[in-house]
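In what follows, chains carry the letters A, B, and so on, assigned in the order in which the sequence lines appear, proteins first and then strands, with residues in each chain numbered from 1. What you see is a predicted model; the values in this text were computed from it and never measured.
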Amino acid sequence: MDEFALKVLAWYRRHGRHDLPWQVRDPYVRWLAEVMLQQTTVTAVIPYFQRFLTAFPSVRALAEASQDAVLAHWAGLGYYARARNLHAAARVLTEHYGNGFPRTAEAWAALPGVGPSTAAAIVAFAFGVPAPILDANVRRVLSRYHAVGGRDARALRTLWAHARDHTPAHEAAAYTQAIMDLGALVCRKTPDCAACPVAAGCAFEGEDAPVTRRPRPERAVFMAVIRDPDRGVLLVRRPSHGVWGGLWSLPESVEQHDLPAVVAALGLEGRMGAPCAPIHHAFTHFRLSITPIPVEGVSRGLGVAECHDVMWYKGGGLGPGMPAPIRRLLNQFLEVP
DNA sequence: ATCCAGGTAC
DNA sequence: GTACCTGGAT
Ligand code: SF4
């Protein structure tokens, strides 16, 4: 076996993570966990993983669920295309694989929301297939160990080749977790090289390739908080593509003076209250300022009936799937009416 | 307020 | 290349 892999495996037995809740063989569990772990840290994932798995304990249960139920259990975790893709992929799996699963990384990667690293991690963990991964942790380790500069396509190809060369034919599951843990626990942004099992062969010179950060433009929206003593707060479903796709949110407009028309289009009449203090929310690619505007005295009996894209929410329970800042905002409004 | 952690789809 | 999220640390 590759010397590098031997050392990483030996380190992992003593210092790696062995009790994460998804460390089982079940392909469904590993798939769910790997998708949740995309762009998301372990501590953020754990509570969502457990709730989600309780609600949808099998591929079939997930496939038979509504998208609303799936999004409700994903709400707050972010990157909601993951939930929509997971749901769609569950339906593909039940249709094409029955109660079975793909056995190759290529077949997994053909499913929506499963890219090369996720696919490789799934087959390595569930079936012991020696498929290389290159997530952020592995990439950091290998780019330093082999002194691969740059973040361009050529550097990426080189790193994939190194990942493939290091991945052992046996113990692929343990090695995959081991190299991820090494990146997460030792070869962090500021590496702890004194604790690293492969320091002797490492070519790291102390400088990573620079990351380019784009400036984040500002956007602003106004959101109507339409309250009714009996029915709660009115929510509308967001379009299935774009930010917060498919989640429930508040009626909104880009211009404040357009908000009454948005409310009127829902068949409602009420007084526009004074705007509340804006909420600031940062996305990867822009910053959003949300100004809530309470709408009071909505006439009883008026308003569109609840339908596929409009609902009243009284609070309590899991509730509909809402973006994190909207959830926080509503918690305030529903606590202090 | 700003930085930081983290893959896939188009 | 650009779109897509959140919570925690500083
Ligand atoms: S020696 Fe340091 S830089 Fe090299 S792989 Fe280990 S932790 Fe990373």
Side-chain angles (χ1 to χ4, degrees), chain A residues 17 20 30-49 71 73-89 92 105-106 108-122 131-141 143 150-156 159-160 163 176 179-191 208 210-219 238-249 278-290 321-329 331:
Chain A
R17 296 176 287 196
L20 297 172
R30 298 310 308 223
W31 170 44
L32 173 63
E34 288 305 319
V35 172
M36 284 191 163
L37 287 162
Q38 291 166 3
Q39 301 288 99
T40 312
T41 53
V42 165
T43 51
V45 164
I46 286 174
Y48 283 88
F49 170 80
L71 285 174
H73 285 84
W74 201 278
L77 195 56
Y79 289 114
Y80 300 103
R82 294 183 295 169
R84 300 192 303 269
N85 285 331
L86 188 82
H87 190 215
V92 173
E106 292 73 23
W108 276 100
L111 296 169
V114 180
S117 275
T118 300
I122 293 167
I133 64 163
L134 194 64
D135 70 353
N137 290 316
V138 178
R139 183 169 163 171
R140 201 166 47 248
V141 173
S143 64
R151 293 167 184 277
D152 51 311
R154 198 175 66 85
L156 215 52
L159 289 169
W160 271 110
T176 300
I179 184 81
M180 290 169 79
D181 285 3
L182 187 66
L185 303 175
V186 174
C187 198
R188 303 180 302 266
K189 180 176 176 59
T190 303
D208 290 312
V211 284
T212 55
R213 283 196 187 81
R214 292 173 306 217
R216 289 184 295 185
E218 305 243 13
R219 294 188 207 169
R238 298 182 61 87
S240 53
H241 294 291
V243 169
W244 296 332
L247 270 68
W248 293 91
S249 187
I279 294 164
H280 299 283
H281 188 73
F283 289 88
T284 321
H285 49 308
F286 66 96
R287 289 179 298 174
L288 183 66
S289 152
I290 300 168
M322 289 183 280
I326 305 302
R327 159 65 72 184
R328 284 193 292 269
L329 178 65
N331 285 347

| request: Determine, for nucleotides 5-10 of chain B in 5'-to-3' order, which nucleotides have protein heavy atoms under 4.0 Å from the base (write B), from only the sugar-phosphate (write S), or from neither (write -). | output: SBBSS-
| field | Test side chain to side chain contact (heavy atoms under 4.5 Å, CB included) applied to A:R154 - qualifying residues, sequence neighbours left out | value | A:D152, A:R157
| query | What's the CZ-C1' distance between A:F286 and C:dT6, to the nearest Å? | reply | 13 Å
| task | Can you sort out the partners of A:R287 under salt bridge (charged side-chain N to carboxylate O under 4.0 Å, His left out), two or more places apart, ordered by chain and number? | result | A:E218
| remark: Atom CZ of A:R214 and atom P of C:dC4 are separated, to the nearest Å, by 11 Å
| note | By ring pair (Phe, Tyr, Trp, His ring centres under 6.0 Å), A:H281 pairs with (sequence neighbours left out) A:W244, A:F283
For residues 180-190 of chain A, run the donor-acceptor check on the side chains, cut-off 3.5 Å, and write out each pair with its distance to 0.1 Å, sequence neighbours left out.
unit_1 : atom_1 : unit_2 : atom_2 : d
A:D181 : OD1    : A:R17  : NE     : 2.9
A:D181 : OD1    : A:R17  : NH2    : 2.8
A:D181 : OD1    : A:Q177 : NE2    : 2.8
A:D181 : OD2    : A:R17  : N      : 2.6
A:R188 : NH1    : A:L185 : O      : 2.3

| message | Is there a side-chain contact between A:H285 and the phosphate of C:dC4, meaning an N or O under 4.0 Å from OP1 or OP2? | response | yes
| remark: Those residues at least two apart in sequence (or on a different chain) that pass side chain to side chain contact (heavy atoms under 4.5 Å, CB included) with A:F49 are A:P21, A:W22, A:V29, A:L32, A:A33, A:M36, A:V45, A:L53
| ring pair (Phe, Tyr, Trp, His ring centres under 6.0 Å) with A:W108: which residues, sequence neighbours excluded? | A:W31
| Out of C:dC5, C:dC4, C:dT2, whichever nucleotide has its closest atom nearest the side chain of A:Y80 | C:dC5
| Taking only residues two or more places apart in sequence or in another chain, which ones pass salt bridge (charged side-chain N to carboxylate O under 4.0 Å, His left out) with A:R238? | A:E252
| query | So, is A:R287 close to the B:dT2 phosphate, meaning a side-chain N or O under 4.0 Å from OP1 or OP2? | reply | yes
| query | Heavy atoms under 4.0 Å, any strand shown: does A:R84 hit a base, just sugar-phosphate, or nothing? | reply | nothing
| task | Return the value, rounded to whole Å, for the distance between atom CH2 of A:W244 and atom C1' of C:dC4. | result | 12 Å
| remark: Between CZ of A:R216 and P of C:dT2 the distance, given in whole Å, is 16 Å
| Rounded distance (Å) that lies between atom C1' of B:dA1 and atom NE2 of A:H280 | 11 Å
| query | Atom CZ of A:R219 to atom C1' of C:dC4: distance rounded to whole Å? | reply | 11 Å
| note | Rounded to whole Å, CD1 of A:I290 lies from P of C:dC5 at a distance of 13 Å
| N/O donor-acceptor pair under 3.5 Å between A:S240 side chain and A:G246 backbone | no
| field | A:L71 CG - C:dC5 P separation (whole Å) | value | 10 Å
| query | Looking only at side chains, do A:R328 and A:N331 share a donor and an acceptor under 3.5 Å apart? | reply | no
Give each protein N/O atom lying under 3.5 Å from an N/O atom of nucleotides 7-10 of chain C, with the pair distance.
unit_1 : atom_1 : unit_2 : atom_2 : d
C:dG7  : OP2    : A:R328 : NH1    : 2.7

